[in-house]
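The structure appears below as structure tokens.
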There are 2 protein chains.
Amino acid sequence: MTDAPRTKGRSGGRMARRAIRTAPNFEMLPGLVGKLPLCEVMDSAQIEQIDDASMRILEDVGVQFRDPIALADWKKAGAKVVDERVYLDRGLVRSLIATIPSEFTYHARDPDKSLRLGGRHSVFVPMTGAPFLRDLDDKRRNPTLDDLAMFHKLSHMLPAMHSSAHHIVEPYDHPISQRHLRITYSSMKHSDKMFMGMTTSPKNAEDVMQMCAILFGEDFLETHPVTTGNCNGNSPLVWDETMLGALRAFCRRNQPVLCSPFVLGGANTPANVPATVAQLNAEALSALAYTQLIRKGCPAIYGHYLATVSMKSGAPMAGTPEISLMNFMIGQMARHYGVPWRTSNTLGGSKVLDAQAGYESASTLSAVIHAGANYIWHSAGWNEAGMHCSVAKFVVDAEQCAMAHRMGSGPNWNGFDDAIAAVSDVGPGGHYLGHPHTQENFQTAYFMPDLFDNNSIEQWMAEGAIETTERALTFARKLLAEYQEPVLPEDKNEALLDFIARREREIPAADELNQHY
Amino acid sequence: MTDAPRTKGRSGGRMARRAIRTAPNFEMLPGLVGKLPLCEVMDSAQIEQIDDASMRILEDVGVQFRDPIALADWKKAGAKVVDERVYLDRGLVRSLIATIPSEFTYHARDPDKSLRLGGRHSVFVPMTGAPFLRDLDDKRRNPTLDDLAMFHKLSHMLPAMHSSAHHIVEPYDHPISQRHLRITYSSMKHSDKMFMGMTTSPKNAEDVMQMCAILFGEDFLETHPVTTGNCNGNSPLVWDETMLGALRAFCRRNQPVLCSPFVLGGANTPANVPATVAQLNAEALSALAYTQLIRKGCPAIYGHYLATVSMKSGAPMAGTPEISLMNFMIGQMARHYGVPWRTSNTLGGSKVLDAQAGYESASTLSAVIHAGANYIWHSAGWNEAGMHCSVAKFVVDAEQCAMAHRMGSGPNWNGFDDAIAAVSDVGPGGHYLGHPHTQENFQTAYFMPDLFDNNSIEQWMAEGAIETTERALTFARKLLAEYQEPVLPEDKNEALLDFIARREREIPAADELNQHY
């Protein structure tokens with residue numbers, strides 16, 4: 001899985017140990033199987049209270065599906081539809097979501113990198129959708145396809161990243177109408193981990209499905225989840241045509257979508273934590289239910305993007321206590337319905353990788369782990385409320401996720417008796433650094449971050465007084481210099497390129513180069 | 001409790017709201033009553049396994065008490081003593097620690113600021129012991145008594161700080177032998193919150209007890225905990241004369257000490273997480289048991305300082321997954337014995353308040369909250385492995401603690417039905433910002449940090465592209481400009497100054513000004 005130089009065993013003495021200490025390990029971590037008790041802040045009566053409030057919202061307030069096909073689908077399913085508003089009976093909602101698998105396996109191009117999702121199985125997925133990057137020189141600018149490829153390479157190499165995602169950054173050097181093709185190809189080519197599929201339009205989603213069929217085979221796709229689409233809701237209580245069309249494209253092929261209300265607590269939800277959860281829950285349930293109208297038994301993921309809003313400025317905030325609490329609560333609701341659950345990780349609103357970014361990101365990461373989230377998106381690179389992806393933050397966040405993976409896996413009791421025997425050996429006032437038990441176990445006992453400096457200030461200054469950002473960028477450059485592309489079989493590569501070439505002939509590209517979406 | 005201008009009610013419209021938004025609130029938060037489920041990573045069999053391993057260490061390996069009085073005390077209590085090593089039978093240990101109160105109340109000079117400790121009751125206490133500070137200009141230098149006073153003032157004003165602690169920084173402009181007097185006076189004078197007592201020698205500890213008796217009255221002291229001493233152990237398995245003598249001074253007066261093994265995981269403990277917990281647990285128990293030999297029923301606190309060591313450099317690390325896991329485990333052990341528990345908060349090894357500091361501090365804070373720690377020390381200012389206290393980090397950490405306080409208090413269900421009614425009012429596609437429910441509730445619904453910037457990059461740049469450190473220092477300056485000293489009754493003030501003057505005449509001060517301890 002890696003061609004990086006790695007020493008084996010304990011022969012070789014000091015030189016070997018030095019090699020062990022300095023050689024990066026690119027091997028992907030297994031999916032996280034959570035062992036910490038879940039942080040559940042509601043009792044069963046409170047879960048029922050949220051459920052009942054959500055169901056009343058669905059029944060009495062209704063949800064707007066701004067899409068004629070969805071409205072027809074709902075009518076056919078027996079829902080009351082008035083104009084664009086669909087009133088969903090709780091019985092109908094419950095019977096529909098009951099067929100969503102509580103767990104499933106994502107299949108990666110490298111079968112060793114396939115991953116279980118749901119229950120206590122979690123994966124870390126990098127951030128996506130940034131219109132800017134902070135690059136290898138920490139310069140903020142518009143990204144290109146090459147920048148996107150760089151992030152896909154980093155995702156491939158960083159052990160805690162379980163996916164290469166999709167448009168980590170927006171490649172502005174390619175026409176927007178054709179961009180989804182190049183983005184998907186870049187995800188597929190630069191990594192053999194799983195990846196995400198673009199949902200920028202129903203047609204684009206169809207193209208992604210076609211490319212997945214080329215990579216994995218039509219039949220395989222039909223029975224194996226290989227990618228993930230995201231469908232954002234417009235809170236409060238609206239799903240639009242673009243998202244619903246893309247959702248259908250994925251569901252028809254049995255590929256999971258994230259049903260993600262886009263929540264800015266206080267702006268598009270009430271100024272109240274449990275009521276915000278109830279509204280978000282109603283929104284997520286309405287889309288989850290719709291996935292099962294499209295294809296019964298199709299995997300789907302309870303999602304959300306969740307910020308609270310500063311009433312001073314209207315700006316979204318990250319790492320606030322209410323976001324943590326809502327994560328704990330939403331995790332409970334998703335488990336109540338037996339649906340895998342997506343949340344967002346390492347968010348932050350700072351403009352640079354400063355202390356604010358660190359506090360916000362670590363607070364979010366911790367909440368996400370204790371909440372027991374399954375699909376842990378935006379796990380690397382996010383800053384400035386998602387406006388940029390930072391290379392420096394990308395590698396720092398990924399190391400933080402590796403640490404969270406270790407924490408989430410719970411204490412390791414292996415070798416406890418031997419270690420207690422060492423206490424007798426060393427005795428009062430002794431030291432352990434020279435003890436054989438320490439020498440045999442130090443590499444696995446305590447996590448040693450590569451990106452944090454714990455030396456004395458004298459040594460730190462002698463080495464140039466390097467702060468986190470610069471240290472991280474040096475690390476990223478080193479990583480990229482060692483990147484080796486996983487081999488994509490030539491026939492599949494050609495078939496993908498042929499498909500892209502055909503679609504690029506079909507899709508008009510005029511005047512779109514600099515357009516945001 | 002505060003003389004800061006604060007508007008009341010909702011009259012006054014926009015001007016009033018603006019005042020509300022900008023006026024800092026200096027009112028101390030109540031003690032945290034934890035509502036999150038505790039993160040317990042061991043089942044009862046594993047707790048027994050740690051307990052049994054610790055008891056075997058105490059019985060078979062023994063603990064060095066490098067202090068003739070303690071050795072005599074242990075002999076008298078029936079323990080086997082060989083040279084300086086005390087072998088503690090588990091029955092003796094259990095019967096001794098059984099009389100430690102599981103909860104008690106700390107009494108502050110302002111009775112409204114007295115605080116419960118133990119069970120689910122927790123308090124945040126600033127860092128202490130820094131030989132350097134990063135000052136209001138972020139310059140790293142040796143501290144003075146004025147600097148210490150500044151930190152005591154900040155502790156007094158910051159709502160989440162429940163104590164003014166003691167020597168937050170070391171005042172180098174005062175002779176070391178007399179320093180404890182000035183430090184204690186500064187704690188007492190600049191804040192009416194609770195404070196800590198110096199344990200730098202048995203004699204110094206006696207002086208602190210005398211000053212507490214002056215401030216609170218001899219009789220009151222006898223029956224009310226008013227301060228906290230810290231006694232560090234020398235891991236593995238050693239307690240020294242200085243610490244034990246100070247411990248006795250506190251216990252005799254019924255004042256609680258933190259029994260704190262000083263653990264550098266992998267250096268002075270085995271390279272194994274559960275075995276490190278077992279050794280630390282044995283060490284803590286041996287000192288906790290000793291407190292009850294001095295005074296049966298005296299409050300005492302299960303403590304530790306806990307870092308893991310980088311095997312690359314030998315440097316202590318903070319925010320690592322194993323530290324979080326050990327906090328979860330140690331919390332379980334302390335609760336198993338029914339003893340209040342102290343841990344350390346917002347630790348970090350960075351030389352500046354950069355992203356590393358943020359990640360490490362927030363990771364630690366989160367673990368501490370989920371672990372259910374009671375006496376949450378080093379909750380503001382700590383960086384560079386404790387070598388400096390940073391003014392900027394002090395105020396940032398304190399705000400983080402306020403956020404953690406909010407999170408740890410669990411979701412607020414007040415007004416749930418009204419908020420759900422707002423969902424019906426607003427309906428699909430509406431917005432909440434103008435809704436009366438939002439206007440009535442925005443101030444309390446979502447935490448709005450003062451020290452983090454969530455504005456757009458354009459606005460942030462227009463305002464000078466200010467990073468966290470500079471923003472925090474501006475905030476600290478503003479806070480200090482508004483400081484009002486809580487009135488210390490003149491008779492008590494004079495009695496304290498008389499005592500200090502007498503002791504300063506008695507204690508030689510020569511040649512000690514620049515000496516570290």
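Proteins get letters first, then strands, A, B, ... in listed order; numbering begins at 1 in each. These numbers were taken from a predicted model, which means no experiment stands behind them.
Atom CG of Asp83(A) is surrounded by 12 or fewer heavy atoms from other residues, nucleotides or ligands within 6.0 Å.
Contact record, Gly319(B) with Met403(A): O-SD, 4.1 Å, taken as the closest heavy-atom pair. Of all heavy-atom pairs spanning Gly266(B) and Thr438(A), the tightest one is O-CG2, 3.7 Å. The two atoms that bring Ala278(A) and Ile420(B) nearest to each other are CB-CD1, 3.7 Å, heavy atoms only. Residue Val273(A) comes nearest to Pro411(B) through the heavy atom pair CG1-CB, 4.4 Å, listed as atom of the first residue, atom of the second, then distance. Annotation for Pro236(A) and Gly427(B): closest pair CG-O, 3.4 Å, computed over non-hydrogen atoms. A pairwise comparison of heavy atoms in Pro37(B) and Val41(A) identifies CD-CG1, 4.2 Å as the closest pair.
Between chain B and the residues Arg140(A), Glu360(A), Glu322(A), Glu467(A), the most heavy-atom pairs under 4.5 angstrom are made by Glu322(A). Options Cys39(B), Pro274(B), Ala275(B), Ala419(B) differ in how many heavy-atom pairs under 4.5 Å they form with chain A, and the most are formed by Pro274(B). Interface check for chain A: of the options Val423(B), Asn441(B), Val426(B), Thr320(B), the most heavy-atom pairs under 4.5 Å are formed by Val423(B). Contact count against chain B (heavy-atom pairs under 4.5 Å) is highest for Pro428(A) among Pro428(A), Ala315(A), Ala271(A), Gly349(A). Among Ala318(A), Gly410(A), Ala422(A), Ala385(A), the residue making the largest number of heavy-atom pairs under 4.5 Å with chain B is Gly410(A). Most heavy-atom pairs under 4.5 Å with chain B: of the set Gly62(A), Ala267(A), Ala472(A), Gly265(A), this distinction falls to Ala267(A). Of the listed residues (Ile457(B), Leu365(B), Thr469(B), Val61(B)), the greatest number of heavy-atom pairs within a distance under 4.5 Å of chain A belongs to Ile457(B). Across Thr308(B), Leu237(B), Asp354(B), Asn455(B), the residue that shares the most heavy-atom pairs under 4.5 angstrom with chain A is Asp354(B). With chain A as partner, the option from Pro449(B), Ser366(B), Ser235(B) having the largest number of non-hydrogen pairs under 4.5 angstrom is Ser366(B). The choice from Asp60(A), Asn234(A), Val396(A) that makes the most heavy-atom pairs within less than 4.5 Å of chain B is Val396(A). Here Thr269(B) is the residue among Thr269(B), Val309(B), Val238(B) with the most heavy-atom pairs under 4.5 Å with chain A. Each of Ala53(A), Gly434(A), Gly429(A), Ser313(A) has some count of heavy-atom pairs under 4.5 Å with chain B, and the biggest count is that of Gly429(A).
Side-chain contact between Ile50(A) and Phe416(B) is present, with at least one heavy-atom pair separated by less than 4.5 Å. Taking the side chain as every heavy atom from C-beta outward, Gln400(A) and Ser363(B) approach each other to under 4.5 Å.
Asn272(A) contributes atom CG, which lies 8.5 Å from atom CG of Asn414(B) (distance to the nearest 0.5 angstrom). With values rounded to the nearest 0.5 angstrom, Ile466(A) atom CD1 is found 11.0 Å from Lys351(B) atom NZ.
The aromatic rings of Tyr359(A) and Phe452(B) sit tilted relative to each other, their planes meeting at an angle between 30° and 60°.
Gln356(B) touches chain A through backbone and side chain together, each having a heavy atom under 4.5 Å away. Neither the backbone nor the side chain of Met461(A) comes within contact range of chain B, judged by heavy atoms closer than 4.5 Å. For Asp418(B), no part lies under 4.5 angstrom from a heavy atom of chain A. In this structure, chain A has a heavy atom under 4.5 Å from the side chain of Trp460(B), while its backbone stays farther away. Using a 4.5 Å cut-off between heavy atoms, Gln46(B) contacts chain A through both its backbone and its side chain. Heavy atoms closer than 4.5 Å to chain A are found in both the backbone and the side chain of His431(B). If you measure heavy-atom distances from Met387(B) to chain A, you find no contacts under 4.5 Å at all. Looking at Gln64(B), both its backbone and its side chain come within 4.5 Å of chain A, counting heavy atoms on both sides. If you measure heavy-atom distances from Ile57(B) to chain A, the contacts under 4.5 Å come from the side chain alone. Looking at Gln279(A), the atoms closer than 4.5 Å to chain B (heavy atoms on both sides) all sit in the side chain, from C-beta outward. When heavy atoms are compared at a cutoff of 4.5 Å, Glu283(B) does not approach chain A at all.
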Could you walk me through whether His370(A) and Leu36(B) pass the side chain to side chain contact (heavy atoms under 4.5 Å, CB included) check? CA-CA 11 Å; His370(A) 286 283; Leu36(B) 302 185; over 6 Å; no
Determine whether Met407(B) and Phe328(A) satisfy the following criterion, side chain to side chain contact (heavy atoms under 4.5 Å, CB included), listing intermediate values before the conclusion. CA-CA 10 Å; Met407(B) 181 185 81; Phe328(A) 303 148; 4.1 Å; yes
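Side-chain contact, Tyr446(B) with Thr276(A): a donor N or O sits under 3.5 Å from an acceptor N or O.
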